[in-house]
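A quick note: this is a predicted structure, and the numbers were derived from the prediction, not measured. We use all heavy atoms of the structure for the numbers below, so side chains are in, but hydrogens, waters and symmetry mates are not. To find a chain, count down the sequence lines: A is the first, B the second, and so on, and within it residues start at 1.
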Amino acid sequence: MPIITLTTDFGTKDPSVGAVKGAIYSELKEATVVDISHQIDAFNIAQTAYVINNSYKSFPEGTIHIIGVDSELNKENKHIALLLDHHYFICPDNGIIAMLASKIKPEKIVEINIHDAFSTSFPVLDIFVKAACHIARGGTLEVIGKSIVSFKNAVELSPIVNKEKTEIKANIIYIDNYGNLITNITQTLMNEIGRERPFEISARGYTFTKIFSKYSDIVNFDIPKAQRQNDGKKLAIYNSCGHLELAIYRSNLKTVGGAADLFGLKYRDRVSIKFY
Amino acid sequence: MPIITLTTDFGTKDPSVGAVKGAIYSELKEATVVDISHQIDAFNIAQTAYVINNSYKSFPEGTIHIIGVDSELNKENKHIALLLDHHYFICPDNGIIAMLASKIKPEKIVEINIHDAFSTSFPVLDIFVKAACHIARGGTLEVIGKSIVSFKNAVELSPIVNKEKTEIKANIIYIDNYGNLITNITQTLMNEIGRERPFEISARGYTFTKIFSKYSDIVNFDIPKAQRQNDGKKLAIYNSCGHLELAIYRSNLKTVGGAADLFGLKYRDRVSIKFY
Amino acid sequence: MPIITLTTDFGTKDPSVGAVKGAIYSELKEATVVDISHQIDAFNIAQTAYVINNSYKSFPEGTIHIIGVDSELNKENKHIALLLDHHYFICPDNGIIAMLASKIKPEKIVEINIHDAFSTSFPVLDIFVKAACHIARGGTLEVIGKSIVSFKNAVELSPIVNKEKTEIKANIIYIDNYGNLITNITQTLMNEIGRERPFEISARGYTFTKIFSKYSDIVNFDIPKAQRQNDGKKLAIYNSCGHLELAIYRSNLKTVGGAADLFGLKYRDRVSIKFY
């Protein structure tokens, strides 16, 4: 029986997540339900895409991912189910899929049409769970919807490379649990455009000319431990998702603050890279 | 094997939730344990009742619900186990059950008496887990307690209808993850008292004469998307639990704020409805 | 199949926890994965040790505990796997184990050497999951690492007893979900040193001469309920983990505040006990 994952902006205080899990177990006694996150900022599609993009691949092929962010059904927000990269996704057609599918094309998409006449104000519970359980039991997408070929595009923040390939203009797309700033520049893009040239990353007055592959690479282990002063140092790093990240070494949001505070940067802010 | 759910005010930082789950798996290797919420405000019984009431029904019949809020055993706070609406509940007799059982009467209630002589300061771990696992293995309530017929009443906030049936005085009973304000008026009560008469809902200077059935019903889809100004608009809606809710369209607690902030309303505050 | 537990400082917003769970299910379809906590303060080893120490014992023997706090591999921070008290732990050698093993010696410890040549910035996903699944399938520690005998010591906060055994100098080691202050004095130490002598606990000007065994022991049930004024009262208690705790009766962080605020005490602050 495939796994069903949940990614929502419901939070974990309200009855919503419990109700959804109960509904899954009521349909599929032997289900394995896994929370990816319920802490997505309300209605934040870009954040949802980042979280899904950087977690779904580690699940087994055939896993069914329910995405409950901004999922109210209306004439501009249809419900869709799709097969992409050997995983199933059930979500609103609000741009999330465009962000997930920017590299990989979906193999099949349907617009879900199992809705009853009545309008529901909790479609994840009433519709997405039914769709997920149908797929988990081995059912096909065609039974729960009609095939469509396109999906809504999203005005995604994409890095812009100038014509001379001497500069990339990028953005902060996510701030993580430690307050570190994640950009939309991947290591792949950096290698492709940079071709090993020296570079300078600038963000609000701060500059970096080196990108580390792990945090502790900034530490000089030859200096006795008591004399090192690394905590709180700013650095650029490729994070575990392969994105360029501006970080604070051993940041702590409760004491020294995280990168977002210390750099004075927030979601969507500009980060630029010049090559020489 | 039935599901065991957990609803507590333990939070998810401390060792408590892990310890309770470990204890369940130690007794029942094949248990399915599902978190409903661990984010109940400390000792808040009304909030607990709202969360349980709006999630338990979606679980399969026979599910066992452990409620760990204000559960310390003392002479005024007994531990009880009961069968209600085909679900089992294990909880303190502190008024929660009165709130759950306001419509549906329990089929059977026992006062749990499997306590050892020693007093425990963690009854959910030491007593509730044992009771839940006993029921999960098919054991009867009589084995873990002695039958009782009454349970502690709670001074629950109930809507008051005047004699002429021209007004309902209601209260805010819950503020959800999006900051929206949930009242103790259900759609059923509204239909029963209102009988399709026009009405005016008032809450701290704000008034509403319409109740939507989903959030996006306030959107006029004929206006081009760029020209619409719905975000942040106040509205009244029946939420997915069937309660009248005062909401902000696409509220975001981190940016524009939620209904609780914008209306200046909090738990217990008055909402009134007049019929004409 | 043994249970795999997770204790990290990842938070529940980022893709990290989902990615780790997906990786476990990809290796072990039938795994039972249990969250202990993902809310450890960033890099806080003492907090991690407190949470693990007070939850692992309730899991069945043979359970595998992944600890992902400060786990980046470098020359001063090796990865280890060990068997201790019939439980397996996979963690960095950063002092956590010294805190867990202060009473009980590990039966076997290995330094994990299944790392590929490449350096990973997400060792919990890339290394710890592999090690855990190997053990879960019945594999031995020797296959994933080489035996070692010592592990890194931690400068743990330990209570200091004076030579005359008339005073214990202790510290706040943890602040729980209710804001209560937990010290490093256990009931066992208290009994051993105190030998039933009268005592006075002092913390920042507040004193206590009695330690309760449960919160409601401060209530005088002979006084009619409406006339009691216990809420918000300070008390000393042995908590459910057997530690001396300074608490507020029915504290609520959102209203009256918790013990940490009311006492003006924080992590590491001094608590002393004098015996007469």
Side-chain angles (χ1 to χ4, degrees), chain B residues 6 8-35 38-45 47 68-78 92 94 115 118-127 129-130 152 155 175 254 266-267, chain C residues 1-3 5-7 11-12 32 34-41 47 50-61 63 65 87 174-180 182 212-217 219 221-222 225 231 237-242 245 247-256 258:
Chain B
L6 303 176
T8 76
D9 61 359
F10 296 166
T12 51
K13 185 187 82 151
D14 293 352
S16 316
V17 173
V20 168
K21 289 184 181 173
I24 295 174
Y25 288 114
S26 289
E27 282 222 25
L28 280 181
K29 215 176 151 32
E30 303 301 323
T32 300
V33 184
V34 180
D35 300 306
H38 299 292
Q39 311 296 341
I40 302 290
D41 284 353
F43 306 103
N44 193 324
I45 294 171
Q47 208 181 82
V69 176
D70 189 23
S71 56
E72 204 181 69
L73 184 72
N74 61 54
K75 60 195 291 190
E76 291 178 358
N77 201 29
K78 306 298 186 190
N94 58 9
H115 307 80
F118 74 94
S119 74
T120 167
S121 60
F122 196 175
V124 175
L125 182 71
D126 296 329
I127 308 299
V129 165
K130 277 194 180 59
K152 201 182 289 177
V155 189
I175 297 173
K254 296 197 181 163
K266 55 186 194 312
Y267 175 60
Chain C
M1 174 87 48
I3 290 164
T5 80
L6 303 177
T7 305
T12 50
T32 301
V34 180
D35 300 307
I36 290 183
S37 177
H38 299 291
Q39 312 295 344
I40 302 290
D41 283 353
Q47 207 180 83
Y50 179 82
V51 169
I52 291 280
N53 252 330
N54 292 296
S55 57
Y56 87 83
K57 285 187 190 77
S58 74
F59 284 88
E61 294 195 351
T63 295
H65 304 278
H87 288 251
Y174 188 77
I175 297 173
D176 78 7
N177 182 58
Y178 305 87
N180 290 329
I182 292 151
F212 292 99
S213 65
K214 55 184 191 183
Y215 298 96
S216 56
D217 284 345
V219 178
F221 288 103
D222 294 336
K225 201 166 182 177
D231 285 22
I237 186 171
Y238 289 121
N239 78 357
S240 57
C241 306
E245 172 185 314
I248 300 289
Y249 184 63
R250 299 176 75 88
S251 64
N252 185 329
L253 296 180
K254 296 197 181 164
T255 56
V256 293

Name the region of B/Asp70, side chain, backbone, both or neither, that has any atom closer than 4.5 Å to a heavy atom of chain C.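 When you check distances to chain C, only side chain atoms of B/Asp70 fall under 4.5 Å.
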Counting heavy-atom pairs under 4.5 Å with chain B, which one of C/Asn177, C/Asn54, C/Val51 comes out on top?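 Looking at each of C/Asn177, C/Asn54, C/Val51 in turn, C/Asn177 comes out on top.
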Among C/Ile52, C/Ile36, C/Asp176, which residue has the highest count of heavy-atom pairs closer than 4.5 Å to chain B?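 When all of C/Ile52, C/Ile36, C/Asp176 are compared, C/Asp176 has the most.
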Considering all heavy atoms of both residues, which atom of C/Lys57 and which atom of C/Asn53 are nearest to each other, and what is their separation?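 So the minimum-distance heavy-atom pair works out to NZ-O, 3.7 Å.
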At their closest point, which heavy atom of B/Ala19 faces which heavy atom of B/Leu125, and how far apart are they?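 Heavy atoms of B/Ala19 and B/Leu125 come nearest at O-CD1, 3.4 Å.
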With a 4.5 Å limit on heavy-atom distance, are the side chains of C/Asn239 and C/Ile182 in contact?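 When only atoms from C-beta onward are counted, C/Ile182 and C/Asn239 do touch, with a gap below 4.5 Å.
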Between B/Val20 and B/Val129, is there a side-chain heavy-atom distance shorter than 4.5 Å?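 Yes; the side chains approach each other to less than 4.5 Å.
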At a 4.5 Å cut-off on heavy atoms, which part of [X] comes close to chain B: side chain, backbone, both, or neither?
X	result
C/Lys225	side chain
C/Thr5	neither
C/Asp41	neither

With chain C as the partner, which of B/Ala42, B/Gly18, B/Pro15 has the greatest number of non-hydrogen pairs under 4.5 Å?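 Between B/Ala42, B/Gly18, B/Pro15, the count favours B/Pro15.
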Partner chain C: residue of B/Lys29, B/Glu76, B/Lys75 with the largest heavy-atom pair count (under 4.5 Å):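 With the most close heavy-atom pairs to chain C, the winner is B/Glu76.
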Parallel, tilted or perpendicular for C/His87 and C/Tyr56, by the 30°/60° rule?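 Perpendicular, since the angle between the ring planes exceeds 60°.
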With no hydrogens and no angle check, do the side chains of C/Tyr215 and B/Asn74 hold a donor and an acceptor under 3.5 Å apart?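 Their side chains do not contain a donor-acceptor pair, so the 3.5 Å distance test is not met.
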